[in-house]
Number of protein chains: 2
Amino acid sequence: MAKQNRPEQQQSQAPDALNCEVRLVDLNIVRKVQPEILPMPEAQRMAEFFGVLADPNRLRLLSALANQELCVCDLAAGLKMGDSAVSHQLRILRAMRLVKYRKEGRNVYYSLADGHVINLYREVVDHLQETGSSSMGVE
Amino acid sequence: MAKQNRPEQQQSQAPDALNCEVRLVDLNIVRKVQPEILPMPEAQRMAEFFGVLADPNRLRLLSALANQELCVCDLAAGLKMGDSAVSHQLRILRAMRLVKYRKEGRNVYYSLADGHVINLYREVVDHLQETGSSSMGVE
DNA sequence: TCTATATCTGAACAGATATTCAGATATTTA
DNA sequence: TAAATATCTGAATATCTGTTCAGATATAGA
């Protein structure tokens, strides 16, 4: 951790800094890098968002809604999931505003909220196709 | 679950289907939706990818690497994390091919693997800015 | 009103995940 | 060679997450 290797320019500047618990070279780099680092609150918000997409069943729900609105029980039937599980997942998607819904009688029809999800989807498909090993059957 | 409400066109087609455990209307919709649903293996792969981005410290690591390559101990110092934690997280980013690395002496310098991450980043920032409640200080 | 249906909700459990700790490996320097 | 440093790794622990289950709410139809 002491980072005494990697000789850099300003070691002559403050000789006593070498005895300090904070090392000189670290400080220079850290000072440069720190402001570029995503602050923790925003990082958490972003992580929370990605976390919503980090579940195969939620992704499948989104893909089912990509072309038409569907109610909970159709989604459950189509994905072969329990109604309750679908409802729980839809709530998470709703909280992140990835889907919107509309009530009609006792049915609730869900649909995608905007195009961001699709864009994300394609970007990830690109990445996985280029780097990954499997194929992703997406046009 | 029986979906006897929502009267649809083809109920006259097969009257005995009403006694079947699989309901008619469900079947029609499910048959239409099924092929559009992301298959489970690909959904899992994609979810795994998003899961890698679903951690605030990994996002912070990526943001630190967005402008320059950095070694493990500088990342640890900059993010105020333990060396071991950083190393563990970098391994995950490496496995998903989001970062690449280069050894130099006893240091290992990491950098972003390609531009997909940045694109994803911006897309999410857009989404969060439009729908979310907080501001994300990204240009 | 009563029944069936669609959806939602909270609790509980199993499985996944991030960090810490201790220690291993590799490289540089004395 | 020995000591110091940078990085990595596996085990252990605490936390988070997804599903199921039981039951609540709401709406449509008899």
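So that the names make sense, note that chain A is the first sequence line, chain B the second, and so on, each numbered from 1. Nothing here was measured: the structure is a model prediction, and the numbers come from that model.
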Among D:dT19, C:dT7, C:dT20, the one nearest A:Asp83 by side-chain distance: C:dT7
Side-chain N or O of A:Arg94 versus OP1/OP2 of C:dC8: is the shortest distance under 4.0 Å? yes
Of the candidate nucleotides D:dT7, C:dT9, C:dA18, which contains the atom at the shortest distance from the side chain of B:Val108? D:dT7
Answer with base, sugar-phosphate or nothing: what part of the nucleic acid does B:Tyr101 contact at a heavy-atom distance below 4.0 Å? nothing
Donor-acceptor check, side chain of A:Lys103 to backbone of A:Tyr109, threshold 3.5 angstrom: yes or no? no
Taking all heavy atoms of A:Pro56 and all of B:Met40, pick out the closest pair and write down the distance. CB-SD, 3.9 Å
Report yes if at least one side-chain N or O of A:Arg106 is closer than 4.0 Å to OP1 or OP2 of C:dA4; otherwise report no. no
Between atom CG in A:Asn57 and atom P in C:dG15, what is the gap in whole Å? 16 Å
Out of C:dA18, D:dT9, C:dG10, which nucleotide sits closest to the side chain of A:Arg91? C:dG10
So A:Ile92 and A:Asp55, do their side chains get closer than 4.5 Å, heavy atoms only? no
Would you indicate which nucleotide in D:dG18, C:dA18, D:dC8 comes nearest to any side-chain atom of B:Val72? D:dC8
Tell me: CG of A:Leu53 to C1' of D:dG18, nearest whole Å? 16 Å
Measure across A:Met46 and A:Leu38 and return the closest heavy-atom pair with its distance rounded to 0.1 Å. SD-CD2, 3.9 Å
Could you state the CE-C1' distance from A:Met81 to D:dC21, rounded to the nearest angstrom? 15 Å
Provide, to the nearest angstrom, the distance between the CD atom belonging to B:Glu48 and the C1' atom belonging to D:dT17. 16 Å
Please state whether the phosphate of D:dT7, meaning OP1 or OP2, lies under 4.0 angstrom from any side-chain nitrogen or oxygen of B:Asn107. yes
Winner on side-chain proximity to B:Ser87, out of C:dT9, D:dA11, D:dC8, is D:dC8
Checking D:dT7, D:dC21, C:dT19 against the side chain of A:Ser84 (C-beta onward), the nearest is D:dC21
Donor-acceptor under 3.5 Å (A:Ser63 side chain, A:Arg60 main chain): yes
Whole angstroms only, please: what is the CD-C1' distance between B:Glu104 and C:dT28? 13 Å
Considering only heavy atoms, which members of residues 59-70 of chain A lie under 4.0 Å from some atom of DNA chain D? none
Between C1' of D:dT19 and CG of A:Asp55, the distance in whole Å: 10 Å
By centroid distance (under 5.5 Å) and plane angle (under 30°), are B:His88 and C:dT19 in a stacked arrangement? no
Could you give me the CA-CA distance, side-chain angles and deciding distance for A:Asn119 and B:Glu123, then say whether side chain to side chain donor-acceptor pair (under 3.5 Å) is met? CA-CA 7 Å; A:Asn119 293 341; B:Glu123 195 70 42; 3.1 Å; yes
If you check the A:Tyr110 side chain, which of D:dG18, C:dT19, C:dC8 turns out closest? C:dC8
Can you tell me if B:Arg94 and B:Tyr110 form a side-chain donor-acceptor pair at under 3.5 Å? yes
B:Ile92 CD1 - D:dT7 P separation (whole Å): 18 Å
Please give, in whole Å, the distance from C:dT5 C1' to A:Tyr109 OH? 13 Å
So which nucleotide from C:dA18, C:dT20, C:dT9 ends up closest to the side chain of B:Gln89? C:dA18
Which residue is it: B:Leu53, B:Leu61, B:Leu90? I am looking for the one with a side-chain contact (heavy atoms from CB on, under 4.5 Å) to B:Leu98. B:Leu53
